[in-house]
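Below: the structure, in structure tokens.
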Amino acid sequence: MLEAELIPAKEPIEPRLMIVLHGLGDSMEGYRWLPQAMRLPWLSYLLVNAPDCYCTGFSWYDVDDDSGAGIGRSRKLLFELLDQMRRRDFPAEKIVVFGFSQGCLMTIEIGARYPHRLAGLVGISGYVFQPERLVNELSPQALEQRFLITHGTQDPLIHIDRVRPQMEILRQAGLKMDWREFAKPHTIAGESEVSVVRDFVRDSYV
């Protein structure tokens with residue numbers, strides 16, 4: 001089981017949930033600012049810690065060794081978490097998954113492979129693991145999912161030239177990819193980027 005904390009909506013209308021996946025070496029503590037910044041009082045948030053310790057935080061997979069094994073294990077844990085939230089009265093179609101960096105990769109994995117349609121998937125400053133293999137293993141629901149993927153043109157850790165062709169592979173496979181570029185390094189570009197995420201999430205529940 002993954003460690004997670006639910007932050008309930010301030011003005012609940014119906015069950016609507018954003019699951020938040022942090023990046024390498026971070027934790028759920030790094031995203032306590034997000035609910036206030038999103039300014040969507042009807043949205044609940046589930047902040048999640050990755051399973052492995054890394055420096056002062058956590059990681060979803062090993063970046064130095066066999067990434068595939070860790071990605072597969074974390075994907076299984078996240079599927080179990082999604083199933084658990086569905087049992088807690090958050091229908092899959094009312095759940096948005098949000099991930100940064102490693103969390104972005106895991107978000108794309110969920111959108112491509114989870115066997116239930118979600119409200120939307122938001123990935124920031126990440127990349128795709130084995131995109132050619134991924135498009136050959138899509139779930140039947142993958143082509144129904146809506147993705148917002150953003151990246152920085154000045155990212156020194158995950159160069160955008162690496163990610164652009166990966167996005168094209170997913171788009172050519174029929175995935176609904178909304179790709180946005182920001183003049184930023186490996187970070188979230190404040191309100192200019194949060195506003196794009198906010199609009200995408202709001203539209204996910206129309």
Side-chain angles (χ1 to χ4, degrees), residues 6-23 31-48 78 81-82 85-86 88-101 103-128 134 138-153 160 163-164 166-184 187-206:
L6 180 66
I7 301 175
K10 292 183 177 180
E11 300 174 12
I13 302 172
E14 58 180 301
R16 295 172 175 176
L17 178 68
M18 174 184 278
I19 295 177
V20 181
L21 311 179
H22 62 76
Y31 286 85
R32 294 195 179 278
W33 60 271
L34 188 60
Q36 182 176 355
M38 286 290 289
R39 302 203 304 268
L40 299 173
W42 40 263
L43 187 63
S44 297
Y45 298 82
L46 187 72
L47 308 183
V48 187
L78 288 166
L81 180 66
L82 283 161
M85 299 314 295
R86 289 169 55 226
R88 291 177 62 179
D89 297 326
F90 287 103
E93 65 272 16
K94 299 295 183 180
I95 297 175
V96 169
V97 180
F98 170 104
F100 176 79
S101 195
C104 172
L105 183 146
M106 296 311 308
T107 296
I108 293 170
E109 285 281 323
I110 290 169
R113 300 180 188 271
Y114 190 59
H116 299 277
R117 187 181 67 81
L118 301 164
L121 299 118
V122 178
I124 297 176
S125 298
Y127 64 98
V128 186
L134 186 68
L138 297 176
S139 74
Q141 289 73 31
L143 300 185
E144 302 175 18
Q145 309 283 23
R146 297 174 62 249
F147 294 81
L148 169 65
I149 307 296
T150 71
H151 209 88
T153 56
I160 196 167
V163 185
R164 284 177 180 139
Q166 294 181 336
M167 293 299 110
E168 187 58 28
I169 290 171
L170 300 190
R171 187 180 291 111
Q172 289 294 327
L175 295 182
K176 299 174 183 176
M177 311 297 296
D178 184 353
W179 167 257
R180 306 290 186 94
E181 299 182 7
F182 291 85
K184 62 165 190 171
T187 187
I188 298 175
E191 175 60 18
S192 63
E193 189 166 8
V194 170
S195 65
V196 172
V197 175
R198 184 187 304 119
D199 290 345
F200 176 85
V201 172
R202 188 185 289 115
D203 292 345
S204 297
Y205 294 107
V206 173

What verdict does the side chain to side chain donor-acceptor pair (under 3.5 Å) test give for E193 and T150, after you've listed the backbone C-alpha separation in whole Å, the side-chain angles of each residue and the deciding distance to 0.1 Å? CA-CA 8 Å; E193 189 166 8; T150 71; 2.5 Å; yes

Flag the pair E93 and R86 as a salt bridge only when some basic side-chain nitrogen lies within less than 4.0 angstrom of an acidic carboxylate oxygen.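 Looking at R86 together with E93, the answer is no, because their closest N to O distance does not fall below 4.0 Å.
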
Is R180 salt-bridged to D178, going by a charged N under 4.0 Å from an acidic O? yes

Least distance between heavy atoms, [X] atom then [Y] atom:
X	Y	answer
I7	P35	CD1-CG, 4.2 Å
L17	Y205	O-OH, 3.5 Å
C104	Y127	SG-N, 4.5 Å
P15	P91	CB-CD, 4.2 Å
P41	A9	O-CB, 3.4 Å
L121	T107	CD2-O, 3.4 Å

Quick one: does [X]'s side chain get under 4.5 Å of [Y]'s, heavy atoms only?
X	Y	answer
V196	V194	no
L82	L118	yes
Q172	M177	no
V201	L148	no
L21	V97	yes
L6	R88	yes

Pair L134-E109, side-chain contact (heavy atoms from CB on, under 4.5 Å): steps then yes or no: CA-CA 8 Å; L134 186 68; E109 285 281 323; 3.9 Å; yes

Hey, are Q141 and Q145 close enough side-chain-wise for a donor-acceptor pair under 3.5 Å?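 Their side chains do not contain a donor-acceptor pair, so the 3.5 Å distance test is not met.
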
Give a yes-or-no answer on whether the side chains of K184 and S125 include a donor-acceptor pair shorter than 3.5 Å.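 A donor-acceptor contact under 3.5 Å links the two side chains.
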
Give the intermediate values and the outcome of side-chain contact (heavy atoms from CB on, under 4.5 Å) for residues L46 and L81. CA-CA 10 Å; L46 187 72; L81 180 66; 3.9 Å; yes

Measuring from [X]:[atom1] to [Y]:[atom2], what's the distance to the nearest 0.5 Å?
X	Y	atom1	atom2	result
W42	R202	CH2	CZ	7.0 Å
F100	Y31	CZ	OH	5.0 Å
R117	I95	CZ	CD1	11.5 Å
I13	R16	CD1	CZ	5.5 Å
M167	I149	CE	CD1	5.5 Å
I110	I19	CD1	CD1	7.0 Å

Between F98 and L34, is the side-chain contact (heavy atoms from CB on, under 4.5 Å) condition met? List the steps. CA-CA 11 Å; F98 170 104; L34 188 60; 4.1 Å; yes

Donor-acceptor under 3.5 Å (S139 side chain, Y114 main chain): yes

Spell out, as yes or no, whether a donor-acceptor pair under 3.5 Å connects the side chain of R198 to the backbone of M38.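 Answer holds: yes.
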
When you look at W33 and I188, which way does the side-chain contact (heavy atoms from CB on, under 4.5 Å) test go after all the steps? CA-CA 12 Å; W33 60 271; I188 298 175; 3.9 Å; yes

Would you verify whether the NZ or CZ of R146 falls within 45 degrees of the ring axis of F200 while also being under 6.0 Å from that six-membered ring's centre?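 R146 over F200 ring: yes.
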
